[in-house]
Amino acid sequence: MINQKLKEAFVEYKDELTELRRKFHSEPELSWEEYKTTEFVCDYLGNLGIEYRRTEPTGVIAEIKGGKPGKTVALRGDMDALSVEQLNKDLPYASREEGKMHACGHDAHTAMLLVAAKALNEIKDELPGNVRLLFQPAEEVAEGAKALVKQGAVDGVDNVFGIHIWSQMPTHKVSCTPGPSFASADLFKVTFKGKGGHGAIPQACIDAAIVASSFVMNVQTVVSRTIDPQQGAVLTVGKMVVGTRFNIIAENAVIEGTVRCFDPATRDHIEAQLQHYADHVAAVYGATATVEYTRGTQAVINDGASAVLVQKVAAEAFGEDVVFNEKPTMGGEDFSFYLDEVPGSFALVGSGNPEKDTEWAHHHGKFDIDEDALATGAELYAQYAWAYFNQ
């Protein structure tokens, strides 16, 4: 199942992988602003003779045509950075852009997919099928995958595979379990309107601060008391803006938060309960409530056959002890929009190494990766495609 030529290629390209990752890390671009990264990817693919097209406004879809007829497998790597200030500025490849940083590993994903494309292109005549390459923008705002799907990213694709570098797992470990992997990630905004007035005359007012506080305390019971405990769910209020001055009773309150879960019925239930709780809490105090609920990413549910294939590939390529069973995370991933269209799976590749200070949480200003993991990820991309064709 493992292609030996591919394995040898990633030994040869190890230094290039590191150089590419460091280049992208030092030149971060935010969601929908990945113009330089897009240009670099196009030049790199063009020099290899790989056909590509730019997507709008950023991103690239490319394809390696196999020498033999067969299916088409898509490999996805995201490219965007975050609005995070890099704190470990002593790194020789630290971000050169103030307030911008690759704090989630997308620099690694882009580098790994480019080098995987290079290796696969060298054996294209042996490929019994085609490899679609998806260099995706705007994952961090949960919009890029949906945009690429609309622009034909998975048209004619039989299977899709993605990778995320994971600092909470030891370097080189690979996790891809059948079923739920990442949760759906939604946003909500609740606006309460009361009646403002002087802080010394509360009887003439409807205090939006009291209404909002009551809602925040009560809405937690949506998860703890109305959902099956075996159905994982999180409801978090992350922002609360109330009032204008210390001695004025608040007329308005705005609450914002997020909902995470794996089960579609649970998702529907929480959305309905948010409206129910907001309306009833407001009614108790004589206020009014408006709820805005925005659905973000879908849950990432790995196809069973695809996930098992990833495990087999990892075990054969790197040794059986590499296979890891990471628990599902309540984090969100817009890779889910590809899985809505075609079967596939999403793997985690460990990059956490305490000796190299690479166990910081994703999105932290000190986030970094153990670059020894790059070759693991790049080879996993390529070997998965080879194994999918030859299973």
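In what follows, every heavy atom counts, from backbone to side chain, and hydrogens, waters and symmetry copies are set aside.
You'll find the side chain of Trp32 reaches within 4.5 Å of the side chain of Glu143, heavy atoms only. The side-chain heavy atoms of Leu75 and Leu113, taken from C-beta on, include a pair separated by under 4.5 Å. The closest side-chain heavy-atom distance from Gln311 to Pro178 is below 4.5 Å. Within the 4.5 Å cutoff, the side chain of Pro92 has heavy atoms near those of the Arg22 side chain. Side-chain atoms of Leu187 and Glu256, non-hydrogen and from C-beta on, never get closer than 4.5 Å to each other.
The number of heavy atoms from other shown groups lying within 6.0 Å of NZ (Lys7) is above 12. Arg295 CZ: more than 12 foreign heavy atoms inside a 6.0 Å radius. More than 12 heavy atoms of other residues, nucleotides or ligands shown are found within 6.0 angstrom of CD on Gln391. Residue Glu51 qualifies as open at atom CD: its count of foreign heavy atoms under 6.0 Å is 12 or below. Within a 6.0 Å radius of CD in Gln230, no more than 12 heavy atoms belonging to other residues, nucleotides or ligands are found.
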All N/O donor-acceptor pairs, side-chain side in residues 207-218, below 3.5 Å, sequence neighbours left out:
{"residue": "Asp207", "atom": "OD1", "partner": "Ala209", "partner atom": "N", "Å": "2.9"}
{"residue": "Ser213", "atom": "OG", "partner": "Ala209", "partner atom": "O", "Å": "2.7"}
{"residue": "Ser214", "atom": "OG", "partner": "Asn218", "partner atom": "ND2", "Å": "3.2"}
{"residue": "Asn218", "atom": "ND2", "partner": "Ser214", "partner atom": "O", "Å": "2.7"}

| Chi angles and distances behind the side-chain contact (heavy atoms from CB on, under 4.5 Å) call for Ser167, His362 | CA-CA 7 Å; Ser167 65; His362 292 252; 3.3 Å; yes
| query | Where do Lys146 and Asp340 land on the salt bridge (Lys or Arg N to Asp or Glu O under 4.0 Å) test, with the steps shown first? | reply | CA-CA 10 Å; Lys146 192 180 294 186; Asp340 284 347; over 6 Å; no
| request: Evaluate side chain to side chain donor-acceptor pair (under 3.5 Å) for Thr55 paired with Gln151, printing each intermediate quantity in order. | output: CA-CA 7 Å; Thr55 50; Gln151 295 180 62; 4.6 Å; no
| said: Go through it in stages, so that I can follow the logic: the residues are Asn130 and Arg132, the test is side chain to side chain donor-acceptor pair (under 3.5 Å), and I'd like the CA-CA distance, side-chain angles, deciding distance and then a yes or no. | reply: CA-CA 6 Å; Asn130 303 322; Arg132 184 82 50 85; over 6 Å; no
| message | Please determine whether side-chain contact (heavy atoms from CB on, under 4.5 Å) holds for the pair Leu274 and Glu271, giving the CA-CA distance in whole Å, both sets of side-chain angles, and the decisive distance to 0.1 Å. | response | CA-CA 5 Å; Leu274 277 166; Glu271 180 178 357; 5.6 Å; no
| request: Given side chain to side chain donor-acceptor pair (under 3.5 Å), test Ser306 with Asp303 step by step and report yes or no. | output: CA-CA 5 Å; Ser306 178; Asp303 172 69; 4.9 Å; no
| query | Do Lys366 and Asp368 pass the salt bridge (Lys or Arg N to Asp or Glu O under 4.0 Å) test, and can you show the C-alpha distance, the side-chain angles, and the key distance before you say yes or no? | reply | CA-CA 6 Å; Lys366 287 189 176 182; Asp368 197 11; over 6 Å; no
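Here the options are Arg21, Lys14, Lys356, the test is salt bridge (charged side-chain N to carboxylate O under 4.0 Å, His left out), and the partner is Glu371; only Arg21 passes. When Val342, Asn159, Val157 are each tested for a side chain to side chain contact (heavy atoms under 4.5 Å, CB included) with Val73, only one passes: Asn159.
The distance from atom CZ of Phe335 to atom OG of Ser345, rounded to the nearest 0.5 Å, is 6.5 Å. Between the CD atom of Glu16 and the NZ atom of Lys23 there is a distance of 12.5 Å, given to the nearest 0.5 Å. Separation of atoms NE2 (His106) and CD (Glu34) is listed at 10.5 Å; rounding is to 0.5 Å. Taking CD of Gln273 as the reference point, atom OG1 of Thr221 lies at 8.5 Å (rounded to 0.5 Å). Here the CD atom belonging to Glu251 is positioned 9.0 Å from the CD1 atom belonging to Ile206, to the nearest 0.5 angstrom. Taken to the nearest 0.5 Å, the OH atom of Tyr388 stands 9.5 Å off from the CG atom of Leu309.
No salt bridge links Glu29 with Lys100; every basic N to acidic carboxylate O contact stays at or beyond 4.0 Å. Under a 4.0 Å N-O distance rule, the pair Glu56/Arg54 does not qualify as a salt bridge.
Of the possible donor and acceptor atoms, one in the side chain of Asn47 sits under 3.5 Å from a partner among the backbone N and O of Asp43. Under the 3.5 Å distance criterion, the side-chain polar atoms of Ser175 are matched with a main-chain donor or acceptor of Phe324. With Gln383 contributing its side chain and Asn3 its backbone, the two residues share a donor-acceptor pair below 3.5 Å. When atom types are taken as modelled, the side chain of Gln86 and the backbone of Ser95 share a donor-acceptor pair closer than 3.5 angstrom. Of the possible polar contacts, one joining the Thr110 side chain to the Asp78 backbone as a donor-acceptor pair under 3.5 Å is found. At distances below 3.5 Å, not a single donor-acceptor pair connects side-chain atoms of Ser31 with backbone N or O atoms of Asp80. A donor-acceptor pair is defined here as one N or O able to donate and one able to accept, closer than 3.5 Å; no such pair exists between the side chain of Thr236 and the backbone of Thr258.
Between Ala347 and Val310, the closest heavy-atom pair is CB-CG1, 4.1 Å. Nearest heavy atoms, Ala378 versus Ala116: O-CB, 3.5 Å.
In the hydrophobic clustering of this structure, Ile123 groups with Leu17; members are Ile, Leu, Val, Met, Phe, Trp, Tyr whose side-chain heavy atoms approach within less than 4.5 Å, directly or through other members. Ile255 and Tyr285 fall within the same hydrophobic cluster, defined by Ile, Leu, Val, Met, Phe, Trp and Tyr side-chain heavy atoms under 4.5 Å apart, directly or through other members. Hydrophobic clustering (ILVMFWY, side-chain heavy atoms < 4.5 Å, transitive): Ile227 and Val219 are in one cluster. Phe192 and Ile249 fall into different hydrophobic clusters, defined by Ile, Leu, Val, Met, Phe, Trp and Tyr side-chain heavy atoms under 4.5 Å apart, directly or through other members.
In this structure, Phe40 has its ring center closer than 6.0 angstrom to the ring center of Phe24.
Not counting sequence neighbours, the partners of Arg267 by the side-chain hydrogen bond (donor to acceptor under 3.5 Å, both in side chains) test are Asp186, Gln298. Annotation: side-chain hydrogen bond (donor to acceptor under 3.5 Å, both in side chains) contacts of Asn302 (sequence neighbours excluded): none. Residues that satisfy the side-chain hydrogen bond (donor to acceptor under 3.5 Å, both in side chains) test with Lys239, not counting sequence neighbours, are absent from this structure. Residues satisfying the side-chain hydrogen bond (donor to acceptor under 3.5 Å, both in side chains) test with Thr72, not counting sequence neighbours, are none.
Within the structure, the side-chain hydrogen bond (donor to acceptor under 3.5 Å, both in side chains) test picks out the following pairs touching residues 313-327 (sequence neighbours left out): Trp166-Glu326.
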